[in-house]
**Student:** 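The structure's right below; bear with me while I get my questions together.
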Amino acid sequence: MNNALRVQIGTALVLLLLALLIGLLAALSYSFPALGALVSFKHLRPAHVSAALFWIITGATVGVVHYRGEVWRSSTPSPYHKAFVLLWIVAVVAILFAYAGGRFGGREYWEFPPVIGLLILAAWVLLLVDHLRAWVRRTPEPPLYVWMWTTGVFFFLLTFIEQNLWQIDWFRQTYVREITVQWRSNGAMVGAWNQMIYGTALYLMTRISGDDALARGPKVFLFWFLGLANLMFNWGHHIYNVPTAAWIRHVAYGISMLEWIFFINIIRGFKAKLGEYGRHKKGITYRFLVSAELWVFLNLFLALLMSIPAVNRYTHGTHITVAHAMGTTIGINTMILLGSFTYMLGMDREERGKRWLGVGLRIALFGLGAFWLALLIAGAIKGWRTTALGITDHQRVMRPVNAVLEYFVASGAVLALGLGIVAVVLLNRLLGSWRRHQACLHQEDQANWK
Amino acid sequence: MWKRYVLAGLVVAYAFGTWSAYRGEHDAPVADALVFEGMATWQAQNCVACHQLFGLGGYLGPDLTNVISDAGDARVRTFVKYGSGRMPAHPMSAEELDGLVAFLAWVDATGTSRVPEHAVHWTGTYVLDP
């Protein structure tokens, strides 16, 4: 592992810790309005969301760059990669400072002044160039995970540019066009980082099982195409209630329903998975990956229901949407990324750290389960009161919901504790690996002098 | 080889979908300069951290899609200037407030955030008036 990659992993883990800390503060400011007067929710929410998003995206790029190096047998960082890491860190720091100074100006989830987006754009172009150079030189018949990393890197750039089209007046001439472009890009961008992260999960599964056939053959590619079609066309479920062209709604509904195929496939493979679990359950990386699979199952079922417009009428704009987002970003993305980091840092060979990771994982899963259920219950109450009972007054709608949200805050604290333990253990190991690397360099220098 | 054909087919469909989605088929009201100013204020004040439009945004405050037709612009102006309950006061110039109200009125004229029961088709999808 080279130093540029170490810095990238360290940045990702620090962002995860920041997301947990700011998330806790935001939850407390929600529960205790007196605290909210000191640190405003308007500042905390975007800082929490950006730290979480950048943890996921940075972690996804770590997987692409590191495992690509393993596949193509190259561990030397290119100047493109080093420049990417540098620009990326400058962009993240600039965003957090902008929020702290109360300077907003973007869209939901990307609420920083749009000029900072230029840094992200430049960084990503470098990452894409670096990736394509390696692709062209080394891959005659790539396995599926290489396709997934490549489409992920490419679509992130495409959707990031699309997300910024609102700065041209024509794209916000009508609110229908404005919201369509915004949610089309946001929805597809989630698909883009999922491609990178699921590619990493697939790569790790081939390494753990020693079976490269998992990433080759027509069936796995057919499923990938189905996933890609979802990335491209199912974004319409975000805006079912907006009077867009009807085809957007119908196509999104139709494509979403194809996901039942994934769901049935998961159930069909369940018995085989149990056998696999018996063989690999002592490996910490495998335990993180299996946890992610459990959340894929739960979240896919929820997503399938929410994608039916008649059901979406009750869930849209409620905490059920947040449950879905948290299940995906924490249960699936974060679990895979943490599993990937444990593999990179060789945690299976380090007994004490591995034990603490196991403790952190169990606490995080318990916290996440409670957190997810609380959001589902809160969302169900809100959806029922607004849609079935037709209550329009926000305070009245929220009265019974607020009691459930206290339980949500408590479970969030447990979740943060579990993930915090995992992140600290990994950071500690990363620091140790850097120190050992520096000591080796020092010894080499001394040997050269002699 | 078949993989390349499927991939190419998806990319072509995506490009066509992009063009159709951007072009749109709707008669929503067109924004003027005041609406654009109001949109800039909405973004600069980060209203989306707490409020939703068409069910998209934060969860602390109410959805504001149809706040102008439900509450009237005078009430909106009072809420923004002086705050209410958990909502802090947002001091801003008269021009900024005019822009913000124009922006919310523009959003309001686009449609309703809640889908009426009669718009739900038996197949589970919606049939909305464009």
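We name chains A, B, ... by the order of the sequence lines, and we start the count at 1 in each one.
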**Student:** Who wins among P46(A), A229(A), G106(A) for the most heavy-atom pairs under 4.5 Å with chain B?
**Tutor:**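 Of the options given, most contacts go to G106(A).
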**Student:** Looking at side-chain heavy atoms only, is the closest gap between Q45(B) and E96(B) below 4.5 Å?
**Tutor:**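 Q45(B) does not reach E96(B) side chain to side chain.
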**Student:** May I ask you to test the T112(B)-T65(B) pair for a side-chain heavy-atom distance under 4.5 Å?
**Tutor:**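 With C-beta onward as the side chain, the pair stays apart.
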**Student:** What's the spacing between D63(B) CG and H394(A) NE2 if we round to 0.5 Å?
**Tutor:**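 Reported to 0.5 Å precision, the distance equals 10.0 Å.
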**Student:** With a 4.5 angstrom heavy-atom cut-off, could you sort out which part of Y240(A) is near chain B: side chain, backbone, both or neither?
**Tutor:**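 Both parts, backbone and side chain.
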**Student:** Does the side chain of W147(A) come within less than 4.5 Å of L7(B)'s, by heavy atoms?
**Tutor:**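 SC-SC contact between L7(B) and W147(A) confirmed.
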**Student:** Checking heavy atoms, do the side chain of W2(B), its backbone, both or neither come under 4.5 Å from chain A?
**Tutor:**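 The answer is the side chain of W2(B).
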**Student:** Check whether any side-chain heavy atom of L53(B) lies under 4.5 Å from a side-chain heavy atom of W42(B), and answer yes or no.
**Tutor:**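 Yes, their side chains come closer than 4.5 Å.
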**Student:** May I ask you to test the V101(B)-I68(B) pair for a side-chain heavy-atom distance under 4.5 Å?
**Tutor:**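 V101(B) reaches I68(B) side chain to side chain.
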**Student:** Relative to chain B, which segment of V322(A) carries a heavy atom at a distance below 4.5 Å: side chain, backbone, both, or neither?
**Tutor:**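 Both the backbone and the side chain of V322(A) come within 4.5 Å of chain B.
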**Student:** Could you tell me which portion of V120(B) (side chain, backbone, both or neither) has an atom closer than 4.5 angstrom to a non-hydrogen atom of chain A?
**Tutor:**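 Side chain only.
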**Student:** Among the options L405(A), V401(A), L228(A), V242(A), pick out the one with the most heavy-atom pairs lying under 4.5 Å from chain B.
**Tutor:**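 Counting heavy-atom pairs under 4.5 Å, the top option is V242(A).
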**Student:** Checking heavy atoms, do the side chain of Y99(A), its backbone, both or neither come under 4.5 Å from chain B?
**Tutor:**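 It is neither, since no heavy atom gets under 4.5 Å.
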**Student:** Contact between F103(B) and E37(B) at the side-chain level, heavy atoms closer than 4.5 Å - yes or no?
**Tutor:**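 Answer no - side chains too far apart.
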**Student:** Using atom types as modelled and distance alone, determine if a side-chain donor or acceptor of T387(A) lies under 3.5 Å from a backbone N or O of R313(A).
**Tutor:**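 Yes; at least one donor-acceptor contact below 3.5 Å.
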**Student:** Tell me, for P29(B) versus chain A, whether the close heavy atoms (under 4.5 Å) come from the side chain, the backbone, both or neither.
**Tutor:**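 The backbone, not the side chain.
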**Student:** So which pairs with a foot in residues 314-323 of chain A pass side-chain hydrogen bond (donor to acceptor under 3.5 Å, both in side chains), sequence neighbours left out?
**Tutor:**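 Listed by first then second residue: nothing to list.
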**Student:** Verify the distance criterion only: is there a donor paired with an acceptor across the side chains of W224(A) and Q195(A) at less than 3.5 Å?
**Tutor:**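 Yes, a side-chain donor-acceptor pair sits under 3.5 Å.
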**Student:** Pick from T386(A), I179(A), V397(A), V311(A): which one has the most heavy-atom pairs with chain B under 4.5 Å?
**Tutor:**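 Ranked by heavy-atom pairs under 4.5 Å with chain B, first place is T386(A).
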**Student:** Let me know if A119(B) has heavy atoms under 4.5 Å from chain A in its side chain, its backbone, both or neither.
**Tutor:**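 For A119(B), no heavy atom lies under 4.5 Å from chain A.
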**Student:** Side chain, backbone, both or neither: which part of L165(A) has a heavy atom under 4.5 Å from chain B?
**Tutor:**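 Contact with chain B: side chain only.
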**Student:** With distance as the sole test, does R249(A) use its side chain to make a donor-acceptor pair with the main-chain N or O of T125(B) at under 3.5 Å?
**Tutor:**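 Checked: no pair found.
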**Student:** For S256(A), is there any backbone N or O sitting under 3.5 Å from a side-chain donor or acceptor partner on N234(A)?
**Tutor:**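 A pair under 3.5 Å: no.
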**Student:** Between H238(A), R103(A), E162(A), which residue shows the highest count of heavy-atom pairs closer than 4.5 Å to chain B?
**Tutor:**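 It is E162(A).
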**Student:** Can you tell me which residue pairs pass the salt bridge (Lys or Arg N to Asp or Glu O under 4.0 Å) test with a partner in residues 34-46 of chain A, sequence neighbours excluded?
**Tutor:**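 For residues 34-46 of chain A, and leaving out neighbouring residues, the salt bridge (Lys or Arg N to Asp or Glu O under 4.0 Å) pairs sorted by first residue read R45(A)-E108(A).
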**Student:** Using heavy-atom distances under 4.5 Å, tell me whether Y109(A) contacts chain B through its side chain, its backbone, both, or neither.
**Tutor:**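 For Y109(A), neither part sits under 4.5 Å from chain B.
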**Student:** Using heavy-atom distances under 4.5 Å, tell me whether N46(B) contacts chain A through its side chain, its backbone, both, or neither.
**Tutor:**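 Contact with chain A: backbone and side chain both.
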**Student:** Sort out for me which of Q395(A), Q182(A), M398(A), E111(A) touches chain B most, counting heavy-atom pairs under 4.5 Å.
**Tutor:**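 Top count of heavy-atom pairs under 4.5 Å with chain B: E111(A).
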**Student:** Measure across S113(B) and N241(A) and return the closest heavy-atom pair with its distance rounded to 0.1 Å.
**Tutor:**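 Smallest heavy-atom distance, with atoms named: O-ND2, 3.0 Å.
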**Student:** Heavy atoms, side chains only, cut-off 4.5 Å: are L231(A) and F155(A) in contact?
**Tutor:**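 A side-chain contact under 4.5 Å exists here.
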**Student:** Contact part of I239(A) toward chain B, heavy-atom cut-off under 4.5 Å: side chain, backbone, both or neither?
**Tutor:**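 The side chain, not the backbone.
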**Student:** What part of R184(A) gets within 4.5 angstrom of chain B, counting heavy atoms only: side chain, backbone, both, or neither?
**Tutor:**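 When you check distances to chain B, only side chain atoms of R184(A) fall under 4.5 Å.
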**Student:** For the interface with chain A, which of G111(B), G58(B), A109(B) has the highest count of heavy-atom pairs at distances below 4.5 Å?
**Tutor:**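 Greatest number of close heavy-atom pairs with chain A: G58(B).
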**Student:** At a 4.5 Å cut-off on heavy atoms, which part of D393(A) comes close to chain B: side chain, backbone, both, or neither?
**Tutor:**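 The answer is neither part of D393(A).
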**Student:** Quick one: which of L60(B), L56(B), D70(B), V115(B) has the most heavy-atom pairs under 4.5 Å with chain A, could you say?
**Tutor:**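 Top count of heavy-atom pairs under 4.5 Å with chain A: L56(B).
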**Student:** Select, from P88(B), G61(B), C47(B), the one with the greatest count of heavy-atom pairs under 4.5 Å involving chain A.
**Tutor:**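 Sorted descending by pairs with chain A, the first entry is G61(B).
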**Student:** If you count heavy-atom pairs within less than 4.5 Å of chain A, which of G124(B), G57(B), G55(B) leads?
**Tutor:**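 The residue among G124(B), G57(B), G55(B) with the greatest pair count is G124(B).
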**Student:** What part of T392(A) lies closer than 4.5 angstrom to a heavy atom of chain B: side chain, backbone, both or neither?
**Tutor:**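 The answer is both parts of T392(A).
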**Student:** Under the side-chain contact (heavy atoms from CB on, under 4.5 Å) test against W235(A), which residue among V190(A), T180(A), N230(A), V251(A) passes?
**Tutor:**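 One option only clears the test, and that one is T180(A).
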**Student:** Quick check on P218(A) against chain B: is it the side chain, the backbone, both or neither that has a heavy atom closer than 4.5 Å?
**Tutor:**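 Its backbone and side chain both get close to chain B.
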**Student:** May I ask you to check whether F104(A) and H43(A) place their ring centres under 6.0 Å from each other?
**Tutor:**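 Here the rings of F104(A) and H43(A) have centres that are less than 6.0 Å from each other.
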**Student:** Please classify the contact of F225(A) with chain B as side chain, backbone, both or neither, using a heavy-atom distance under 4.5 Å.
**Tutor:**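 Both backbone and side chain.
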**Student:** At a heavy-atom separation under 4.5 Å, does L158(A) approach chain B through its side chain, its backbone, both, or neither?
**Tutor:**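 The side chain, not the backbone.
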**Student:** In terms of heavy-atom proximity below 4.5 Å to chain B, should Q173(A) be classed as side chain, backbone, both, or neither?
**Tutor:**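 The answer is both parts of Q173(A).
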**Student:** Between V49(A), T151(A), D169(A), who has the most heavy-atom pairs with chain B when the cutoff is under 4.5 Å?
**Tutor:**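 Looking at each of V49(A), T151(A), D169(A) in turn, D169(A) comes out on top.
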**Student:** Can you say whether R172(A) sits under 4.5 Å from chain B via the side chain, the backbone, both, or neither, judging by heavy atoms?
**Tutor:**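 For R172(A), backbone and side chain are both near chain B.
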